[in-house]
2 protein chains.
Amino acid sequence: MRLSRYFLPVLKETPSEAQIVSHRYMLRAGMIKQASAGIYSWLPMGFKVLRKLENIVHEEQAKAGHIAMLMPTLQSADLWRESGRYDGYGEEMLRMQDRHGRDMLFSPTAEEMFTDVFRSNVTSYKDLPLTLYQIQWKFRDEIRPRFGVMRGREFFMKDGYNFDLTKEDALHAYNRHLVSYLRTYERMGLQAIPMRADSGPIGGDYTHEFLVLADTGESEVFYDSEITDLTFGDREIDFDDKAQCQAVLEEFTSRYARTDETHDEAEFAKVPQDRQRTARGIEVGQIFYFGTQYSDAMGAVVQDGEGNKVPVHMGSHGIGVSRLLGAIIEASHDDKGIIWPEGVTPFHCGIVNLKSGDAEADAACEAIYKSLTALGLEPLYDDRSERAGAKFATMDLIGLPWRITVGPRGLKNGVVELTSRRTGESEELPPETAIERIAQIYGKVSG
Amino acid sequence: MRLSRYFLPVLKETPSEAQIVSHRYMLRAGMIKQASAGIYSWLPMGFKVLRKLENIVHEEQAKAGHIAMLMPTLQSADLWRESGRYDGYGEEMLRMQDRHGRDMLFSPTAEEMFTDVFRSNVTSYKDLPLTLYQIQWKFRDEIRPRFGVMRGREFFMKDGYNFDLTKEDALHAYNRHLVSYLRTYERMGLQAIPMRADSGPIGGDYTHEFLVLADTGESEVFYDSEITDLTFGDREIDFDDKAQCQAVLEEFTSRYARTDETHDEAEFAKVPQDRQRTARGIEVGQIFYFGTQYSDAMGAVVQDGEGNKVPVHMGSHGIGVSRLLGAIIEASHDDKGIIWPEGVTPFHCGIVNLKSGDAEADAACEAIYKSLTALGLEPLYDDRSERAGAKFATMDLIGLPWRITVGPRGLKNGVVELTSRRTGESEELPPETAIERIAQIYGKVSG
């Protein structure tokens, strides 16, 4: 993309309404614009990252054998009356009536809808296990929305639901979700720690939240420092293998890690003192086994091997996709702006032309732009006739992980500058070598 | 995808509520399920096609230089009061109040939102031309929703808005949209004819609807038969080249083609009689230049080259993405089911195992499945232990364009059967040759 043809409305001043760094940078980098309280328009660069996150979630869910579908945002109140949640949900549920006076609502979550799709179509244990999910806009009418996309009212969320014959199978689905979530967050450049969560009014022992450590996190967290040494890495996993998934669960959840909601001082004291850590964390996902609560209430039963009708065991599993943008920025920035992890960056590399209008510099930039594009990469080429300082400030603010700087002086020596946004380190290299380096970083085969 | 692990709830009976073939087949093939009147859940195979259509639209918009972003579904009433449309829109607009009693609505279209984003960020003619678009869920509270996704209440739509300094530039944007839409529909296997449309209460001469010919179309259409010989094909186009885009517009709109709304008997009579056609058509898109209507009302002005503040010339351009599923099926089916065009098929090829459980047949299917997957294709392998007739009926109903049938008898002679869904013709081929054929059809390099 050539910046002169893009729509990147960067702000020079820091918006006064933004209290946390991710909100400030998302506004300043022209990623979002508030439409009304807690509701945002996703400007082109914000939408681009949102779409990348969505695609990563889809890819990792597919690997785990989970099946994507899509529910409408607007739902009839009837299903929610059946589950008993319509009256109980409170003011966070946005309710309305259509022109015929029928009660409707904007979906804040979708247990009822998925359970209904299931019970309408599945009657035999032979069709299990089954995990269906969607990534869809939800609405919760927060009384005091704040922190930009971190606590908005309209938000983009992945919510998945497993349907299994037995508790044991459902717990395997639980583990499968844990594994797939670990992979998902790592691909996004995040370390998200599964922490034992509070199951709330629903009850049940099986629920973990995934927390990203960041100073601005809404939760206080307590953990054994060994946990931050764990990484999923590129190990192969067979999602059908119960023992393998269970082993991952144990590896990632056996050490102490809890939020203030479930914190237990006595348990925490057993962690060797030099490994006890407290910090703040941002919740970016949650997995939950809740048994037959909804299948009982809504009659989601299947015939088992003996011909008995039994309610299915269910769980629900969520990732806050729009919230993740905020979490990634909270976890990865400096005082100049965002620092995107390579897996989610809106553009793979910036190209800064130090002297737009100079024939040689223009030609060199153009050639680099075309080479990177031909490799299947998306560079953002700052071809505007701005001064160099302004171009660098914009690149630092929007946080592309790599920048190639092209100027007449370097070109005389046959070199351009390759700069890492994270370390700030620069190297002078022939253009071809810089391109090759970028190609390697993103796993593309160059020339 | 192995069918035994997929969620494809095929119905044996024809649902009585479905009056047109696309609605019937989408229900029977397990693509959608009605959630409430005019509101559908997109089951996995329906969602898969919807996502493919969405991606095609994104790709073609990017080629035309248009920039994707995303507006919230819920909007404050204030902007609509500013444009004067809040009170005028009538009962099709779904209105609600949030917990603080603020008037909100579910976006039926987004002229106001895009104009607001534009005026908040763009002040100079130097930032033009600019075309922004989104693909987002919309809601219109149709009094009598019907025909499945063809006239639903919640629908998925691409809506784009151009902002230009002059009428001439805006008409180039209009032409660019026409060209990109022709390409988009052709990639989806559709012939969509641009027809002069009625500009409605807004007025203005420049608007075309795109209509797909189908017996169940809601509009009567009148056209010169020469028009159906036109195809865009794979010609290269430079979207910045005004003359080139204008030439395409003239080529595709100079012959008579109108809906009943704009039909003119006297003009139609000038078409040679043997080329006069009447038929029915489904509207799948519309382009529209409306000048400065919204920019005047909402103060969307830029400084021109002389320092004068002038309102921008705008247009809006839409593609009904969810409706397209219905239109494609209306245009491409037979009495056994859907016939997907290759460009939008949910799976590239079906594999039918005539004797699941037979070691040789299982191994051959598995090998074909793996080869196709390795080529980057998505086969749907019917690995269930159903009888052959039921498997064929399912494959015909869901309409994958190609089917490979594997059975013990053929394997003894070293062949499988490759069948075209469209022609019904079958060929016996060695498995490698069948795979190669499929690879060629989808432009993949085999072995």
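Numbers restart at 1 for each chain; the letters A, B, ... are given by sequence-line order, proteins then strands.
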Going by the side-chain hydrogen bond (donor to acceptor under 3.5 Å, both in side chains) test, which pairs reach into residues 123-132 of chain A, not counting sequence neighbours?
A:T131-A:R176
Interface moiety of [X] toward chain B, non-hydrogen atoms closer than 4.5 Å:
X	value
A:F156	neither
A:Q97	backbone
A:L74	both
A:E112	neither
A:L132	side chain
A:H58	side chain

ring-ring contact (aromatic ring centres under 6.0 Å, His included) filter on A:H172, not counting sequence neighbours, yields none
Please check this pair: side chain of A:R99 against backbone of B:D141, looking for a donor-acceptor N/O pair closer than 3.5 Å.
yes
Would you indicate whether A:R5, at its atom CZ, is surrounded by more than 12 heavy atoms from other residues, nucleotides or ligands within a distance under 6.0 Å?
no
Distance (rounded to the nearest 0.5 Å) between A:M69 CE and B:K33 NZ:
9.0 Å
Would you give the length of the straight line joining atom OG of A:S36 to atom CG of B:D103, rounded to the nearest 0.5 angstrom?
11.5 Å
Do B:E154 and A:T73 get their side chains close enough for a donor-acceptor pair, meaning under 3.5 Å?
yes
Side chains of residues 86-93 of chain A: which donor-acceptor pairs under 3.5 Å do they make with residues two or more places apart or in other chains?
none

Closest heavy-atom pair and its distance - [X], [Y]:
X	Y	result
B:I67	A:Y6	CD1-CA, 3.7 Å
A:F7	B:N121	CZ-CB, 3.9 Å
A:I143	B:H100	O-NE2, 3.2 Å

From the list A:S120, A:P129, A:P72, the residue making the most non-hydrogen contacts under 4.5 Å with chain B is A:P72
Chain B shares the most heavy-atom pairs under 4.5 Å, among A:R153, A:Q75, A:M113, A:R51, with A:R51
Which one wins on heavy-atom pair count under 4.5 Å against chain A: B:A68, B:A37, B:S76?
B:A68
Under the criterion side-chain contact (heavy atoms from CB on, under 4.5 Å), I'd like the reasoning laid out for B:F106 against A:M96: C-alpha separation, chi angles, the key distance, then a yes or no.
CA-CA 11 Å; B:F106 199 116; A:M96 67 214 71; 5.9 Å; no
Determine, for B:D98 against A:R95, whether the closest basic-nitrogen to carboxylate-oxygen distance falls under 4.0 angstrom.
no
With a 4.5 angstrom heavy-atom cut-off, is it the side chain or the backbone of B:A62 that approaches chain A, or both, or neither?
neither
Listed by number, the residues in residues 38-48 of chain A that come under 4.5 Å of chain B (heavy atom to heavy atom) are A:I39, A:Y40, A:S41, A:W42, A:L43, A:P44, A:F47
